[in-house]
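A quick write-up on the structure given underneath.
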Number of protein chains: 2
Amino acid sequence: MPKIVDHGARRAELARAMWRVVYRDGVGAATVRSIAAEAGWSPSALRHYFATQTELLVFAMEHVQAEAAERIAADDRTGGPREVAQRILEQLLPLDRQRVREAEVWLLLAARAQTDPAARTRMADADDGIRRAAEFAVALLTGQPAADPEAVARLHALLDGLALHALLYPERMPPARARELLGAHLDTLVAS
Amino acid sequence: MPKIVDHGARRAELARAMWRVVYRDGVGAATVRSIAAEAGWSPSALRHYFATQTELLVFAMEHVQAEAAERIAADDRTGGPREVAQRILEQLLPLDRQRVREAEVWLLLAARAQTDPAARTRMADADDGIRRAAEFAVALLTGQPAADPEAVARLHALLDGLALHALLYPERMPPARARELLGAHLDTLVAS
DNA sequence: GGCCCGTGCCCAAGATCGTCGACCACGGCG
DNA sequence: CGCCGTGGTCGACGATCTTGGGCACGGGCC
(Lines give C-alpha, C1' and ligand atoms only; values in the text may rest on other atoms or scores of the structure.)
Protein backbone atom coordinates (compact mmCIF):
# COMPACT_ATOMS: atom_id res chain seq x y z
CA MET A 1 0.00 0.00 0.00
CA PRO A 2 1.90 3.04 -1.21
CA LYS A 3 1.59 6.74 -0.55
CA ILE A 4 0.19 6.25 2.91
CA VAL A 5 -1.77 9.40 3.74
CA ASP A 6 -3.28 10.13 7.13
CA HIS A 7 -6.91 10.49 6.13
CA GLY A 8 -7.90 12.04 9.41
CA ALA A 9 -5.27 14.74 9.13
CA ARG A 10 -6.14 15.41 5.51
CA ARG A 11 -9.81 15.70 6.34
CA ALA A 12 -9.02 18.16 9.12
CA GLU A 13 -6.85 20.16 6.73
CA LEU A 14 -9.66 20.35 4.20
CA ALA A 15 -12.13 21.37 6.90
CA ARG A 16 -9.80 24.18 7.93
CA ALA A 17 -9.62 25.33 4.32
CA MET A 18 -13.40 25.34 4.19
CA TRP A 19 -13.68 27.50 7.29
CA ARG A 20 -11.12 29.93 5.88
CA VAL A 21 -13.31 30.32 2.80
CA VAL A 22 -16.49 30.65 4.87
CA TYR A 23 -15.00 33.17 7.30
CA ARG A 24 -13.62 35.23 4.43
CA ASP A 25 -16.32 35.03 1.76
CA GLY A 26 -19.42 33.68 3.50
CA VAL A 27 -21.27 30.43 3.26
CA GLY A 28 -22.31 31.14 -0.31
CA ALA A 29 -18.71 30.76 -1.45
CA ALA A 30 -18.30 27.33 0.12
CA THR A 31 -18.31 25.41 -3.14
CA VAL A 32 -16.31 22.27 -3.72
CA ARG A 33 -14.17 24.05 -6.27
CA SER A 34 -13.37 27.08 -4.12
CA ILE A 35 -12.53 24.94 -1.10
CA ALA A 36 -10.28 22.73 -3.21
CA ALA A 37 -8.52 25.81 -4.56
CA GLU A 38 -8.12 27.20 -1.05
CA ALA A 39 -6.54 23.94 0.07
CA GLY A 40 -4.36 23.75 -3.03
CA TRP A 41 -5.95 20.63 -4.50
CA SER A 42 -8.09 19.72 -7.42
CA PRO A 43 -11.81 19.30 -6.78
CA SER A 44 -11.53 15.60 -7.51
CA ALA A 45 -8.97 15.15 -4.75
CA LEU A 46 -11.59 16.04 -2.18
CA ARG A 47 -13.62 13.03 -3.15
CA HIS A 48 -10.95 10.75 -1.73
CA TYR A 49 -11.73 12.14 1.70
CA PHE A 50 -15.33 13.34 1.45
CA ALA A 51 -17.63 11.49 -0.89
CA THR A 52 -20.07 14.38 -1.06
CA GLN A 53 -20.14 18.06 -0.21
CA THR A 54 -22.55 17.40 2.63
CA GLU A 55 -20.01 15.07 4.23
CA LEU A 56 -17.49 17.89 4.24
CA LEU A 57 -19.99 20.31 5.74
CA VAL A 58 -20.95 17.75 8.37
CA PHE A 59 -17.35 17.05 9.31
CA ALA A 60 -16.57 20.75 9.54
CA MET A 61 -19.62 21.33 11.74
CA GLU A 62 -18.58 18.48 14.03
CA HIS A 63 -15.33 20.33 14.51
CA VAL A 64 -16.92 23.61 15.59
CA GLN A 65 -19.39 21.77 17.80
CA ALA A 66 -16.48 20.09 19.56
CA GLU A 67 -14.91 23.50 20.02
CA ALA A 68 -18.11 24.86 21.53
CA ALA A 69 -18.30 21.89 23.88
CA GLU A 70 -14.70 22.54 24.84
CA ARG A 71 -15.40 26.20 25.56
CA ILE A 72 -18.28 25.14 27.78
CA ALA A 73 -16.21 22.52 29.57
CA ALA A 74 -13.41 25.04 30.07
CA ASP A 75 -15.71 27.45 31.90
CA ASP A 76 -14.49 27.90 35.46
CA ARG A 77 -18.02 28.03 36.89
CA THR A 78 -17.26 31.11 38.94
CA GLY A 79 -20.11 33.31 40.05
CA GLY A 80 -23.68 32.44 40.87
CA PRO A 81 -25.76 29.85 39.02
CA ARG A 82 -27.38 32.63 37.03
CA GLU A 83 -24.03 33.89 35.70
CA VAL A 84 -22.70 30.41 34.99
CA ALA A 85 -25.82 29.38 33.10
CA GLN A 86 -25.79 32.56 31.03
CA ARG A 87 -22.10 32.27 30.14
CA ILE A 88 -22.52 28.65 29.08
CA LEU A 89 -25.61 29.19 26.96
CA GLU A 90 -24.10 32.24 25.30
CA GLN A 91 -21.50 29.93 23.83
CA LEU A 92 -24.29 28.53 21.67
CA LEU A 93 -25.41 31.87 20.22
CA PRO A 94 -23.87 33.61 17.18
CA LEU A 95 -22.65 36.63 19.13
CA ASP A 96 -19.52 37.41 17.15
CA ARG A 97 -18.63 37.42 13.48
CA GLN A 98 -16.99 34.02 13.53
CA ARG A 99 -19.91 32.29 15.18
CA VAL A 100 -22.28 34.08 12.80
CA ARG A 101 -20.43 32.43 9.94
CA GLU A 102 -20.66 29.10 11.70
CA ALA A 103 -24.38 29.61 12.24
CA GLU A 104 -24.74 30.32 8.54
CA VAL A 105 -23.36 26.87 7.81
CA TRP A 106 -25.71 25.50 10.47
CA LEU A 107 -28.65 27.08 8.66
CA LEU A 108 -27.44 25.72 5.34
CA LEU A 109 -27.30 22.22 6.80
CA ALA A 110 -30.74 22.71 8.31
CA ALA A 111 -32.18 23.52 4.90
CA ARG A 112 -30.29 20.63 3.36
CA ALA A 113 -31.56 18.25 6.06
CA GLN A 114 -34.95 18.39 4.35
CA THR A 115 -33.62 16.07 1.67
CA ASP A 116 -30.15 14.91 2.74
CA PRO A 117 -30.08 12.14 5.40
CA ALA A 118 -26.45 12.82 6.31
CA ALA A 119 -27.26 16.43 7.14
CA ARG A 120 -30.33 15.27 9.01
CA THR A 121 -28.47 12.96 11.39
CA ARG A 122 -25.80 15.60 11.93
CA MET A 123 -28.41 18.19 12.88
CA ALA A 124 -30.03 15.74 15.28
CA ASP A 125 -26.70 15.21 17.00
CA ALA A 126 -26.05 18.93 17.32
CA ASP A 127 -29.57 19.23 18.68
CA ASP A 128 -28.66 16.75 21.41
CA GLY A 129 -25.73 18.87 22.47
CA ILE A 130 -27.83 22.00 22.77
CA ARG A 131 -30.51 20.14 24.69
CA ARG A 132 -27.93 18.85 27.15
CA ALA A 133 -26.67 22.39 27.73
CA ALA A 134 -30.24 23.53 28.31
CA GLU A 135 -30.78 20.66 30.74
CA PHE A 136 -27.66 21.62 32.64
CA ALA A 137 -28.74 25.24 32.84
CA VAL A 138 -32.25 24.43 34.03
CA ALA A 139 -30.99 22.02 36.67
CA LEU A 140 -28.44 24.57 37.81
CA LEU A 141 -30.96 27.39 38.09
CA THR A 142 -33.75 25.47 39.75
CA GLY A 143 -31.44 23.60 42.08
CA GLN A 144 -33.11 20.35 41.13
CA PRO A 145 -30.97 17.33 40.15
CA ALA A 146 -33.49 16.37 37.45
CA ALA A 147 -34.37 19.28 35.19
CA ASP A 148 -38.03 19.81 34.29
CA PRO A 149 -38.31 18.48 30.72
CA GLU A 150 -40.84 21.13 29.77
CA ALA A 151 -38.62 23.97 30.96
CA VAL A 152 -35.70 22.42 29.11
CA ALA A 153 -37.60 22.15 25.86
CA ARG A 154 -38.80 25.74 26.14
CA LEU A 155 -35.29 27.02 26.82
CA HIS A 156 -34.01 24.94 23.93
CA ALA A 157 -36.57 26.39 21.53
CA LEU A 158 -35.82 29.89 22.78
CA LEU A 159 -32.10 29.38 22.18
CA ASP A 160 -32.53 28.23 18.60
CA GLY A 161 -35.06 30.97 17.98
CA LEU A 162 -32.67 33.61 19.28
CA ALA A 163 -29.88 32.16 17.15
CA LEU A 164 -32.10 32.24 14.08
CA HIS A 165 -33.13 35.84 14.70
CA ALA A 166 -29.57 36.95 15.38
CA LEU A 167 -28.59 35.35 12.09
CA LEU A 168 -31.44 36.56 9.88
CA TYR A 169 -32.11 39.98 11.40
CA PRO A 170 -28.86 41.15 13.00
CA GLU A 171 -30.09 44.73 13.18
CA ARG A 172 -33.22 43.71 15.07
CA MET A 173 -31.44 41.13 17.19
CA PRO A 174 -27.93 42.39 17.92
CA PRO A 175 -25.74 40.40 20.31
CA ALA A 176 -26.59 42.60 23.27
CA ARG A 177 -30.30 42.07 22.78
CA ALA A 178 -29.91 38.32 22.40
CA ARG A 179 -27.95 38.22 25.65
CA GLU A 180 -30.55 40.35 27.37
CA LEU A 181 -33.45 38.17 26.24
CA LEU A 182 -31.65 35.00 27.22
CA GLY A 183 -31.02 36.53 30.63
CA ALA A 184 -34.67 37.48 31.03
CA HIS A 185 -35.72 33.94 30.32
CA LEU A 186 -33.18 32.55 32.77
CA ASP A 187 -34.58 34.93 35.38
CA THR A 188 -38.00 33.35 35.02
CA LEU A 189 -36.43 29.94 35.58
CA VAL A 190 -34.60 30.91 38.74
CA ALA A 191 -37.69 32.57 40.14
CA SER A 192 -39.85 29.48 39.84
CA MET B 1 -50.51 46.07 -27.33
CA PRO B 2 -51.56 42.55 -28.24
CA LYS B 3 -52.04 39.41 -26.27
CA ILE B 4 -53.00 41.27 -23.13
CA VAL B 5 -52.35 38.91 -20.24
CA ASP B 6 -53.32 39.64 -16.65
CA HIS B 7 -49.94 39.45 -14.99
CA GLY B 8 -51.37 39.27 -11.52
CA ALA B 9 -53.59 36.34 -12.40
CA ARG B 10 -50.79 34.58 -14.22
CA ARG B 11 -48.47 35.03 -11.26
CA ALA B 12 -51.09 33.61 -8.92
CA GLU B 13 -51.57 30.67 -11.27
CA LEU B 14 -47.85 29.94 -11.27
CA ALA B 15 -47.70 30.23 -7.50
CA ARG B 16 -50.53 27.70 -7.22
CA ALA B 17 -48.61 25.36 -9.51
CA MET B 18 -45.56 25.75 -7.27
CA TRP B 19 -47.52 24.86 -4.16
CA ARG B 20 -48.99 21.81 -5.89
CA VAL B 21 -45.44 20.63 -6.62
CA VAL B 22 -44.26 21.41 -3.08
CA TYR B 23 -47.22 19.75 -1.39
CA ARG B 24 -46.83 16.68 -3.56
CA ASP B 25 -43.05 16.25 -3.89
CA GLY B 26 -41.52 18.46 -1.22
CA VAL B 27 -39.50 21.63 -1.41
CA GLY B 28 -36.61 19.84 -3.07
CA ALA B 29 -38.69 19.38 -6.19
CA ALA B 30 -39.51 23.06 -6.51
CA THR B 31 -37.26 23.74 -9.48
CA VAL B 32 -38.08 26.21 -12.20
CA ARG B 33 -38.46 23.36 -14.66
CA SER B 34 -40.79 21.24 -12.58
CA ILE B 35 -42.99 24.20 -11.73
CA ALA B 36 -43.13 25.26 -15.36
CA ALA B 37 -44.07 21.70 -16.35
CA GLU B 38 -46.72 21.60 -13.63
CA ALA B 39 -48.21 24.83 -14.93
CA GLY B 40 -47.94 23.68 -18.55
CA TRP B 41 -45.39 26.25 -19.66
CA SER B 42 -41.78 26.35 -20.69
CA PRO B 43 -39.25 27.48 -18.10
CA SER B 44 -38.58 30.62 -20.09
CA ALA B 45 -42.21 31.64 -19.88
CA LEU B 46 -41.87 32.02 -16.13
CA ARG B 47 -39.35 34.78 -16.61
CA HIS B 48 -42.06 37.04 -17.98
CA TYR B 49 -43.72 36.99 -14.58
CA PHE B 50 -40.88 36.20 -12.16
CA ALA B 51 -37.41 37.41 -13.07
CA THR B 52 -35.75 34.93 -10.72
CA GLN B 53 -36.67 31.80 -8.85
CA THR B 54 -36.44 33.68 -5.56
CA GLU B 55 -39.11 36.09 -6.76
CA LEU B 56 -41.45 33.18 -7.32
CA LEU B 57 -40.71 31.74 -3.90
CA VAL B 58 -41.24 35.14 -2.31
CA PHE B 59 -44.55 35.69 -4.07
CA ALA B 60 -45.76 32.24 -3.10
CA MET B 61 -44.79 32.82 0.52
CA GLU B 62 -46.64 36.13 0.54
CA HIS B 63 -49.70 34.20 -0.43
CA VAL B 64 -49.52 31.71 2.43
CA GLN B 65 -48.71 34.49 4.88
CA ALA B 66 -51.84 36.31 3.79
CA GLU B 67 -53.78 33.09 4.34
CA ALA B 68 -52.35 32.74 7.84
CA ALA B 69 -53.27 36.35 8.61
CA GLU B 70 -56.77 35.62 7.34
CA ARG B 71 -57.09 32.55 9.55
CA ILE B 72 -56.06 34.65 12.52
CA ALA B 73 -58.46 37.45 11.63
CA ALA B 74 -61.26 34.93 11.15
CA ASP B 75 -60.88 33.60 14.69
CA ASP B 76 -64.04 34.27 16.65
CA ARG B 77 -62.14 35.08 19.85
CA THR B 78 -64.38 32.85 21.92
CA GLY B 79 -63.08 31.51 25.22
CA GLY B 80 -60.67 33.06 27.68
CA PRO B 81 -57.58 35.07 26.72
CA ARG B 82 -55.46 31.99 27.24
CA GLU B 83 -57.42 29.94 24.69
CA VAL B 84 -57.61 32.77 22.17
CA ALA B 85 -53.87 33.45 22.35
CA GLN B 86 -53.04 29.77 21.96
CA ARG B 87 -55.37 29.30 18.98
CA ILE B 88 -53.96 32.34 17.22
CA LEU B 89 -50.31 31.50 17.76
CA GLU B 90 -50.85 27.90 16.72
CA GLN B 91 -51.72 29.23 13.28
CA LEU B 92 -48.05 30.13 12.95
CA LEU B 93 -46.70 26.65 13.75
CA PRO B 94 -46.27 23.79 11.24
CA LEU B 95 -48.78 21.51 12.93
CA ASP B 96 -50.16 19.74 9.88
CA ARG B 97 -48.63 18.37 6.72
CA GLN B 98 -49.54 21.34 4.59
CA ARG B 99 -48.01 23.87 6.95
CA VAL B 100 -44.93 21.66 7.29
CA ARG B 101 -44.46 21.98 3.55
CA GLU B 102 -44.91 25.73 3.81
CA ALA B 103 -42.39 25.87 6.63
CA GLU B 104 -39.93 23.96 4.44
CA VAL B 105 -40.16 26.77 1.90
CA TRP B 106 -39.76 29.25 4.75
CA LEU B 107 -36.55 27.50 5.79
CA LEU B 108 -35.31 27.47 2.21
CA LEU B 109 -35.89 31.21 1.96
CA ALA B 110 -34.14 31.70 5.29
CA ALA B 111 -31.05 29.94 4.00
CA ARG B 112 -31.24 31.89 0.76
CA ALA B 113 -31.59 35.18 2.64
CA GLN B 114 -27.91 34.88 3.52
CA THR B 115 -27.04 35.93 -0.02
CA ASP B 116 -30.27 36.98 -1.75
CA PRO B 117 -31.58 40.45 -0.84
CA ALA B 118 -35.08 39.69 -2.15
CA ALA B 119 -35.39 36.72 0.16
CA ARG B 120 -33.98 38.83 2.98
CA THR B 121 -36.59 41.57 2.76
CA ARG B 122 -39.34 38.97 2.43
CA MET B 123 -38.20 37.20 5.59
CA ALA B 124 -38.08 40.51 7.45
CA ASP B 125 -41.67 41.21 6.46
CA ALA B 126 -42.85 37.78 7.58
CA ASP B 127 -40.95 38.40 10.80
CA ASP B 128 -43.01 41.54 11.36
CA GLY B 129 -46.22 39.57 11.06
CA ILE B 130 -45.14 37.01 13.62
CA ARG B 131 -43.97 39.73 15.98
CA ARG B 132 -47.34 41.45 15.73
CA ALA B 133 -49.11 38.23 16.60
CA ALA B 134 -46.79 37.79 19.58
CA GLU B 135 -47.50 41.37 20.65
CA PHE B 136 -51.22 40.76 20.46
CA ALA B 137 -50.94 37.58 22.51
CA VAL B 138 -48.80 39.17 25.21
CA ALA B 139 -51.11 42.18 25.50
CA LEU B 140 -54.12 39.87 25.67
CA LEU B 141 -52.63 37.66 28.36
CA THR B 142 -51.20 40.35 30.59
CA GLY B 143 -54.20 42.61 30.21
CA GLN B 144 -51.91 45.52 29.41
CA PRO B 145 -52.64 47.73 26.39
CA ALA B 146 -48.91 48.01 25.64
CA ALA B 147 -47.20 44.62 25.56
CA ASP B 148 -43.86 44.27 27.32
CA PRO B 149 -41.30 44.29 24.45
CA GLU B 150 -39.07 41.81 26.22
CA ALA B 151 -41.88 39.31 26.72
CA VAL B 152 -42.87 39.77 23.07
CA ALA B 153 -39.36 39.13 21.81
CA ARG B 154 -39.03 36.02 23.97
CA LEU B 155 -42.35 34.63 22.78
CA HIS B 156 -41.35 35.43 19.22
CA ALA B 157 -38.06 33.56 19.55
CA LEU B 158 -39.83 30.63 21.20
CA LEU B 159 -42.33 30.46 18.35
CA ASP B 160 -39.67 30.35 15.64
CA GLY B 161 -37.65 27.88 17.68
CA LEU B 162 -40.64 25.59 18.07
CA ALA B 163 -41.36 25.86 14.36
CA LEU B 164 -37.77 24.99 13.54
CA HIS B 165 -37.76 21.99 15.84
CA ALA B 166 -41.12 20.75 14.56
CA LEU B 167 -39.70 20.99 11.05
CA LEU B 168 -36.27 19.45 11.62
CA TYR B 169 -37.08 16.88 14.30
CA PRO B 170 -40.74 15.94 13.87
CA GLU B 171 -40.32 12.81 15.98
CA ARG B 172 -38.89 14.81 18.87
CA MET B 173 -41.27 17.71 18.44
CA PRO B 174 -44.61 16.36 17.26
CA PRO B 175 -47.53 18.79 16.94
CA ALA B 176 -48.93 17.86 20.35
CA ARG B 177 -45.65 18.64 22.06
CA ALA B 178 -45.27 21.94 20.26
CA ARG B 179 -48.78 22.91 21.36
CA GLU B 180 -48.03 21.86 24.91
CA LEU B 181 -44.80 23.84 25.12
CA LEU B 182 -46.43 26.91 23.63
CA GLY B 183 -49.18 26.57 26.20
CA ALA B 184 -46.68 26.27 29.04
CA HIS B 185 -44.99 29.48 27.94
CA LEU B 186 -48.30 31.29 27.69
CA ASP B 187 -49.08 30.16 31.23
CA THR B 188 -45.97 31.91 32.50
CA LEU B 189 -47.12 35.09 30.76
CA VAL B 190 -50.59 35.07 32.26
CA ALA B 191 -49.21 34.41 35.71
CA SER B 192 -46.94 37.45 35.75
C1' DG C 1 -59.03 45.47 -44.72
C1' DG C 2 -54.09 45.37 -44.31
C1' DC C 3 -49.76 46.41 -42.19
C1' DC C 4 -46.68 47.40 -37.73
C1' DC C 5 -44.70 46.34 -33.81
C1' DG C 6 -44.88 45.04 -29.17
C1' DT C 7 -46.04 41.39 -26.22
C1' DG C 8 -45.81 36.49 -25.18
C1' DC C 9 -43.45 32.50 -25.67
C1' DC C 10 -39.93 28.97 -26.92
C1' DC C 11 -35.38 27.20 -28.14
C1' DA C 12 -30.81 26.96 -27.34
C1' DA C 13 -26.85 28.35 -25.10
C1' DG C 14 -24.00 30.13 -21.11
C1' DA C 15 -22.44 29.84 -16.40
C1' DT C 16 -21.92 27.37 -12.27
C1' DC C 17 -22.54 23.68 -9.51
C1' DG C 18 -21.88 18.66 -7.55
C1' DT C 19 -20.56 14.33 -8.97
C1' DC C 20 -18.34 10.67 -11.54
C1' DG C 21 -15.30 7.80 -14.69
C1' DA C 22 -11.04 7.18 -17.09
C1' DC C 23 -6.43 7.73 -16.79
C1' DC C 24 -1.60 8.53 -14.99
C1' DA C 25 2.13 8.37 -11.28
C1' DC C 26 4.21 6.81 -7.48
C1' DG C 27 5.95 3.53 -4.25
C1' DG C 28 5.60 -0.40 -0.87
C1' DC C 29 5.42 -5.37 -1.07
C1' DG C 30 6.32 -9.94 -2.82
C1' DC D 1 12.53 -5.98 -10.33
C1' DG D 2 7.67 -6.00 -11.39
C1' DC D 3 2.73 -5.78 -9.67
C1' DC D 4 -1.03 -3.35 -8.17
C1' DG D 5 -3.35 -0.40 -5.09
C1' DT D 6 -3.51 4.29 -3.48
C1' DG D 7 -3.40 9.25 -4.51
C1' DG D 8 -4.25 12.61 -7.73
C1' DT D 9 -5.71 15.15 -12.13
C1' DC D 10 -8.44 15.96 -16.11
C1' DG D 11 -12.38 16.02 -18.49
C1' DA D 12 -17.07 15.18 -18.93
C1' DC D 13 -21.95 14.54 -17.45
C1' DG D 14 -26.21 16.02 -15.68
C1' DA D 15 -28.79 19.39 -13.29
C1' DT D 16 -29.64 23.92 -12.16
C1' DC D 17 -30.75 29.03 -12.88
C1' DT D 18 -30.38 32.47 -16.02
C1' DT D 19 -30.04 34.90 -20.48
C1' DG D 20 -30.22 36.20 -25.49
C1' DG D 21 -32.11 35.63 -29.98
C1' DG D 22 -35.85 34.66 -32.69
C1' DC D 23 -40.66 33.41 -33.98
C1' DA D 24 -45.74 34.10 -33.84
C1' DC D 25 -49.72 36.17 -32.72
C1' DG D 26 -52.94 39.88 -32.57
C1' DG D 27 -54.55 44.58 -31.30
C1' DG D 28 -54.21 49.32 -32.93
C1' DC D 29 -53.78 52.55 -36.61
C1' DC D 30 -54.20 54.20 -41.35
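Below, chain A is the first sequence line, B the second, and so on; all start at residue 1.
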In residues 59-66 of chain A, what donor-acceptor pairs under 3.5 Å come from side-chain atoms, sequence neighbours left out?
| from | atom 1 | to | atom 2 | distance (Å) |
| --- | --- | --- | --- | --- |
| A:Gln65 | OE1 | A:Arg122 | NH1 | 3.4 |
| A:Gln65 | OE1 | A:Arg122 | NH2 | 2.1 |

Compile the donor-acceptor pairs under 3.5 Å between side chains in residues 167-174 of chain A and protein atoms, sequence neighbours left out, one pair per line.
| from | atom 1 | to | atom 2 | distance (Å) |
| --- | --- | --- | --- | --- |
| A:Tyr169 | OH | B:Met123 | O | 3.3 |
| A:Arg172 | NH1 | B:Ala124 | O | 3.2 |
| A:Arg172 | NH1 | B:Asp127 | OD2 | 2.8 |
| A:Arg172 | NH1 | B:Asp128 | OD1 | 3.2 |
| A:Arg172 | NH2 | B:Asp128 | OD1 | 3.4 |

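Interface residues of residues 47-64 of chain B facing DNA chain C, ordered by number: B:His48, B:Tyr49; criterion, heavy-atom separation under 4.0 Å. Residues of residues 24-37 of chain B having a heavy atom closer than 4.0 Å to DNA chain D, listed by number: B:Thr31, B:Val32, B:Arg33. At a non-hydrogen distance threshold of 4.0 Å, nothing from residues 105-126 of chain A comes into contact with DNA chain C.
With respect to A:Gln91, the side chain to side chain donor-acceptor pair (under 3.5 Å) criterion is satisfied by exactly one of A:Glu67, A:Arg71, A:Glu70: A:Arg71.
Nucleotide C:dC11 holds its C1' atom 15 Å from the CG atom of B:Leu46, rounded to whole Å. As a whole-Å value, the separation of A:Trp41 CH2 from D:dC10 C1' is 16 Å.
Inspection of the A:Arg112 and A:Gln53 side chains reveals an N or O donor paired with an N or O acceptor under 3.5 Å. Between the side chains of B:Tyr49 and B:Glu55, not a single donor N or O lies within less than 3.5 Å of an accepting N or O. In this structure, a donor-acceptor pair under 3.5 Å is present between the side chains of B:Gln86 and B:Arg82.
Between A:His165 and B:His156, a ring centre-to-centre spacing shorter than 6.0 Å is recorded.
Distance from the side chain of B:Arg10 is smallest to C:dC9 among C:dC9, C:dG8, D:dG7.
Looking only at distances, a side-chain donor or acceptor of B:Arg97 sits under 3.5 Å from a matching main-chain atom of B:Tyr23. For the pair B:Thr54 (side chain) and B:Ala118 (backbone), a donor-acceptor distance under 3.5 Å is absent.
At C:dC10, none of the side-chain N or O atoms of B:Ser44 fall inside 4.0 Å of OP1 or OP2 (strictly under the cut-off). One finds a side-chain N or O of B:His7 lying less than 4.0 angstrom from the OP1 or OP2 phosphate oxygen of C:dG8.
Closest approach of A:Ala133 and A:Leu92 over heavy atoms only: CB-CD1, 3.7 Å.
Within 4.0 Å (heavy atoms only), A:Ala45 reaches at least one base atom of the nucleic acid.
Screening residues 110-129 of chain B for ring-ring contact (aromatic ring centres under 6.0 Å, His included), with sequence neighbours left out, gives no hits.
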